[in-house]
Amino acid sequence: ARIGDYATIGNRARIGDSATIGDGARIGDHARIGNDAIIGDYATVYPNATFVYDLGFCDDYRKCLVERDGVAYINAGCRDLTLKAALKHWSANPHRKMTVAVLQAATAIADLKGLKHE
């Protein structure tokens, strides 16, 4: 695994072969990162995540779709919201249209993976 500058890896986290962790990324306790996974710079992955999909950087924060116990969560900066709560939170802000578009893509991905939105 290649780990970027200032990346923090939590206790008992597992990182697969050929995984790349970007600068400033934080990986929570007990998180599992699979083989050949790429987590972008400044991404935050909270504890117990079993599926992580980097949605990219928009509206000032990197967004990640993660699965915990069959539920889709969105991690963005200090936010850790279910997909449903994230859509509600950012849809109310007219300055976050790009984030809402990214969350619509995350909804399609979550549905493909069979994840609950809440």
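Position 1 is the first residue of the sequence; numbering continues from there. These values consider heavy atoms only, across backbone and side chains, with no hydrogens, waters or symmetry-generated copies. Since this is a predicted model, take the numbers as computed values, not measurements.
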Answer with yes or no whether the hydrophobic clustering places Leu81 together with Tyr73; edges join I, L, V, M, F, W, Y residues whose side-chain heavy atoms lie under 4.5 Å apart. no
Least distance between heavy atoms, Arg68 atom then Asn75 atom: NH1-ND2, 4.3 Å
Pairing residues for Asn93 by the side-chain hydrogen bond (donor to acceptor under 3.5 Å, both in side chains) criterion, not counting sequence neighbours: none
Exceeds 12 heavy-atom contacts within 6.0 angstrom, atom OH of Tyr61: no
When rounded to the nearest 0.5 angstrom, what is the spacing between CG in Leu87 and NE2 in His117? 8.5 Å
Does Phe57 have more than 12 heavy atoms from other residues, nucleotides or ligands lying within 6.0 Å of its CZ? yes
Pairwise salt bridge (charged side-chain N to carboxylate O under 4.0 Å, His left out) hits with a residue in residues 105-118, at least two apart: Lys84-Glu118
Check Leu65 against Leu55 and note the closest heavy-atom contact, atom names and distance. N-CD1, 3.8 Å
Non-hydrogen side-chain atoms of Leu115 and Val71 separated by less than 4.5 Å: no
Sequence neighbours excluded and cut-off under 3.5 Å, please list the side-chain donor-acceptor pairs for residues 95-109, or say none.
from, atom 1, to, atom 2, distance (Å)
Thr99, OG1, Asp59, OD2, 2.7
Thr99, OG1, Lys63, NZ, 3.4
Thr107, OG1, Leu103, O, 2.9

